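Below: the structure, in structure tokens.
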Amino acid sequence: MDKLDIPKAYEAKDYEDAIYAAWEASGFFNPDNLPGDRPLAFSITLPPPNVTGTLHMGHAVMLAIEDIMVRYQRMCGKRVLWIPGTDHAAIATQAKVEKLLMKEEGKSRHDLGREAFLKRVEQFAAKSHDIIVNQAKKMGASLDWSREAYTLDAPRSLAVRTAFKRMYDDGLIYRGNRVINWCSRCQSTLADDEVDYKETNAKFYYLKYGPITIGTARPETKFLDKVIVVHPDDARYADIVGKEFDVEWIEGTVRARVIADKASDMTFGTGAMTITPAHSHEDFQIAKEHGLEVVQIISEDGTFTSAAGAFAGKNARASRDEIVAVLEKKGLVERIDENYVHNLSVCYRCETPVEPLPKLQWFIDVNKEFNRDGKQVTLKALMQDAVRSGAIKIVPERFDKTYFNWVDNLRDWCISRQLWFGHRIPAWYRSSVIASEARQSYGEIATSSSTPRNDSELYVGIEAPEGEGWVQDPDTFDTWFSAGLWTISTLGWPDQGSQTLQQLRTYHPTSVLETGYDILFFWVARMVLMTTYLVGEVPFKMVYLHGLVRDEQGRKMSKSLDNVIDPLDMIAKFGADATRLSLVIGSTPGNDSKLSEEKVAGYRNFTNKLWNISRFVLTTTNNHPQPILEKEGRSTLYSPPFEGGAKGWLPETLADRWILSRLDTVVASVTKKLSAHELSSAGEELRDFTWNDFADWYLEIAKIQKREQTDQILLHVLETILKLWHPFMPFVTEQIWKNFSGNMLLIQSWPTVTGSADLEAEKEFSFIQEIIGAIRNLRAANKIEPIKKVSIVVDRDIPEHEIIKQLARVTDITVGEKPDGSVSTVVGSLTIHIPLTGLVDLEAERTRLTKERDELISYIASIDTKLSNTEFTGKAPEKVVAQMKEKREDAARKLFAVNGQIFMIKSQ
RNA sequence: GGGCGCUUAGCUCAGCUGGUUAGAGCGACUCGUUUACACCGAGUAGGCCAGGGGUUCGAAUCCCUUAGCGCCCACCA
């Protein structure tokens, strides 16, 4: 037998990479290679990180939580599939590369041209991808890399084109000219939810416009305003509604007229506004209803069009003051409110102010009825039903409301983007006019206003059409369109091969979607939309939302605040296991959590604790004459399984019965909690058991219980907690597991309840703990001399007196029959009598004990009162009454111990 | 303007459908040279569960209300 040589401290970095490599080599991350039958499947698709750079703490949380779920289910015997992938994140990635290009070479994407630029982006994405994969591995994520996907790879592109085609054929996708959100820096449209609002201090201008005064925050858009809108009920303007008159304006005289519309707010500004249909969503709406002309005066690059006369070509927002100066010169500025606060709409990526512009774009109609299984439905209705029917469960539940609030108010989704990086819209046009227009915008900024053409041929298909003269739409898809297909596209949809179909049948709908609550709308809702429409089933049965990881002070982590904690740094310093625990324990779904280095360090201490527990157990048992580790398959010693529960190996002592009972409780409870996705709570309970019960009590007892039985129990408990901990701390547990024979811990089966629950033992042992605690207290109080003599009187044979003796580290224990004690009426089986000498600090101890005794007495009295109250006993459920009685017993037992101690002190 | 949360020990938070004397970790303080671990052990002190009202035998938990804080959504020119 070799002597075990285990280092004193666990250094994560010495083991983790090798362990991950071994897992990967085993092939067990791929469900096809898992041993056993596994009729039930469990699947998660990893929310694909953007290929914009590196992973942050948010990704680390995601990987930790999902890996825990996945490892747990794998050990439970499920056919577990966790698919990794990355997201091309069109707008974010393109913006990033453009920024780099400008910084490093001083070039814009137009300097390179579309093709060369895309090559650059792909290079960047590839590099970023490799970093991400490496980081996921560092975290210990047990992802099936053989199925890795990318939102922009060939299979996913096919899925995108197929989805578009099908929706188009069903009339759910249309091309329309509408005012959209335009980011002049990204040079692209933005969906409604890609617009952020930033509270900004601005000026509010009161301008004379003919006979009335109008209010505006954006005078520069007002060049061609010809229509004043007032509220129909506004008495101030009632007499001029419908009238026309000439007004002196920015560039000379304009013929203006007044209309009434409820959109005008009587209480805001002067109650009168002019409208700019081309550059405001609401004005566009009004113009549409009243059949007004829509003229674009601001172009895609943020400059004025020729419609702005002398200002043409100048940046619109930058010209505001200049235009106001012109108005002022003409005496048209009545006053300026300098303290105007409003919500400026900005691009969620680059914070550039969003410019509303009229553009011809592709939209998904969420309100259009179509036939589904003989019923008329809308996409919106599908999204609502998926959650309302319970087919999808959101955790935490309160996000249901957020979800509905969003879906109910959903407007048509603009899916086309003027980016180069992304899936091209599978639409082709054939007509000289359109074709040249499309060519122009291919690589150029589209300058012409895009009005719908009737003279063009349009082809929508999965592949390019046959024939001459077809030009593909230059636009690309909103990145969330491809992301919305993620659960089905990663499983092979729309391929119809039997293997793909089988795979979809097995793993779809996926079991859980785990992601941050911040992308509930962007992504989760879109997946529900796409998947329910395309394959007629929900994409996942459950949505588990985690919160944001904030810094110690609760601030968001950001580069500008310099408070970013890099997961890789934490892993390097404290190990992946500690990092995972610090992200999972102490945080609950849907709530933000705070992270500090100290917290991670704390869990590093725990991994080391587990390491040393193992070190002790393994070396102790190994040193014994019948080396348990050398026996063939340690399991022969005590399993499988415990026949007839723990009786199979007859634990001899109270401590044995106690620890096994506790272990059984913990197995049951942790299993239940993990099944219910209560990860934090499961982890806490496991930590308490491992540290408080197993390490602090049973290990100490084991040192003096020199029976072979103890070795078996030590090994059994260790084996069980290694399994229980494995989902949380895969590395350290797997490393320790190497001391056992057989397969990797990764695929061991999850512990089951053995039937060792022993309430009597738990009660009795807690009493022993009480007594030992008392002895320790007394020793601590004895500052001058060690305790000379302790006598313990028991009324029946409790072998634990040996333990007490050792633990209390006292000498000279005598054991005898219990005298007919006066206190025995309270309850109890054990009394102690400790004559002590040389004590000086006992007075304080006595005061404390007396106080405790009084509290216990009044507590017992209060229970007695309650129990004699017929209203309580009559109305409270039986279970509660029984509980109360038990509590009374516990308190009485404690009182007995306290009384004993007081008696001891008195007798000094 | 709508909606959703939060307020529990010095700090970070658990406390599910009402039922132990409200818990944990960290921190503080006291003690400890115990052969698994100082990345340790044994203890102690900290709470009117934000305030007020109600329902109930019983409320941190349910209802109403007040105050403070946060988040999401929304086209106020």
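Because only heavy atoms are used, hydrogens play no part in the values below, and waters and symmetry mates are left out as well, while side chains stay in. Just so it is clear, the structure is predicted and the values come from calculations on it, not from any experiment.
On the C1' atoms, B:G15 is 28 Å away from B:C29, given to the nearest whole Å. For the P atom pair drawn from B:G51 and B:U61, the interatomic distance equals 10 Å after rounding to whole Å. A gap of 16 Å separates the P atoms of B:U66 and B:C4, to the nearest Å. Taking atom P in both B:A77 and B:U8, the straight-line distance is 37 Å, to the nearest Å.
Checking the phosphate oxygens (OP1, OP2) of B:C75, no side-chain nitrogen or oxygen of A:S345 falls inside 4.0 Å. Taking side-chain N and O atoms only, A:R550 has no distance below 4.0 Å to OP1 or OP2 of B:U12. At the phosphate of B:G41, OP1 or OP2 sits under 4.0 Å from a side-chain N or O atom of A:K609. A:N405 has no side-chain polar atom (N or O) that falls below the 4.0 Å cut-off from OP1 or OP2 of B:C4. Between B:G2 and A:N409, no contact under 4.0 Å exists linking OP1 or OP2 to a side-chain N or O.
Across every non-hydrogen atom of A:R604 and A:F574, the tightest pair is CG-O, 3.6 Å.
For A:N605, the listed nucleotide lying nearest its side chain is B:C39; candidates were B:C39, B:C37, B:A77. Checked against B:C37, B:G5, B:A24, the side chain of A:R398 finds its nearest nucleotide in B:G5. For A:R687, the listed nucleotide lying nearest its side chain is B:A24; candidates were B:U21, B:A77, B:A24. Among B:G19, B:A77, B:A36, the nucleotide with an atom closest to any side-chain atom of A:F268 is B:A77. Checked against B:A77, B:A14, B:C57, the side chain of A:K222 finds its nearest nucleotide in B:A77.
In this structure, A:F521 places its CZ atom 8 Å from P of B:A74, rounding to the nearest Å. Computed from coordinates, the A:W691 CH2 to B:A36 P distance equals 17 Å when rounded to whole Å. Per the geometry, CZ belonging to A:R604 stands 13 Å off P belonging to B:C26, to the nearest Å. Between the CG atom of A:L699 and the P atom of B:U34 there is a distance of 17 Å, rounded to whole Å. The NZ-P distance, from A:K8 to B:C37, rounds to 5 Å in whole Å. Computed from coordinates, the A:I585 CD1 to B:C26 P distance equals 12 Å when rounded to whole Å. Distance A:D261 CG to B:C75 C1': 13 Å, rounded to the nearest Å. Taking atom CD of A:E678 as the reference point, atom C1' of B:U17 lies 13 Å away to the nearest angstrom.
Along RNA chain B, the nucleotide nearest A:K594 and the nucleotide nearest A:K887 are compared for position; the residue whose nucleotide lies closer to the 5' end is A:K594. If you find the closest nucleotide of RNA chain B to A:T588 and to A:I613, the one lying nearer the 5' end belongs to A:T588.
Between the side chains of A:S582 and A:K599, no donor-acceptor pair of N or O atoms lies under 3.5 Å.
Residue contacts shown for A:G547 are absent, as no nucleic acid heavy atom lies under 4.0 Å away. Among the atoms of the strands shown, none is found under 4.0 Å from any heavy atom of A:A601. Among the heavy atoms of the strands lying under 4.0 Å from A:A876 is at least one base atom, whether or not backbone atoms are also near. Nucleic acid contact class of A:E11 (heavy atoms, under 4.0 Å, all strands): base. In this structure, A:G586 reaches the sugar-phosphate backbone alone: every heavy-atom distance under 4.0 Å involves primed, P, OP1 or OP2 atoms, never a base. Within the 4.0 angstrom heavy-atom criterion, base atoms lie near A:L856. Counting any heavy atom pair closer than 4.0 Å across all strands shown, A:D283 reaches no nucleic acid atom. Residue contacts for A:P356: at a heavy-atom cut-off of 4.0 Å it reaches no nucleic acid atom on any strand shown.
In summary, A:D854 and A:K851 do not engage in a salt bridge, as defined by a charged side-chain N under 4.0 Å from a carboxylate O.
In this structure a side-chain-to-backbone donor-acceptor pair under 3.5 Å is missing from A:R888 to A:Q883.
Between A:Y15 and A:W611, the ring-plane angle classifies as tilted under the 30° and 60° cut-offs.
Surrounding NZ of A:K573 are at most 12 heavy atoms belonging to other residues, nucleotides or ligands under 6.0 Å away.
Residue A:K401 places no side-chain atom within donor-acceptor reach of the base of B:C4, judged by atom type and a 3.5 Å distance cut-off alone.
Put simply, the residue from A:K203, A:R320, A:R317 that forms a salt bridge (charged side-chain N to carboxylate O under 4.0 Å, His left out) with A:E220 is A:R320.
Across the strands present, B:G1 finds its partner in B:C73; the criterion is a Watson-Crick or G-U wobble pair with both atom distances under 3.5 angstrom.
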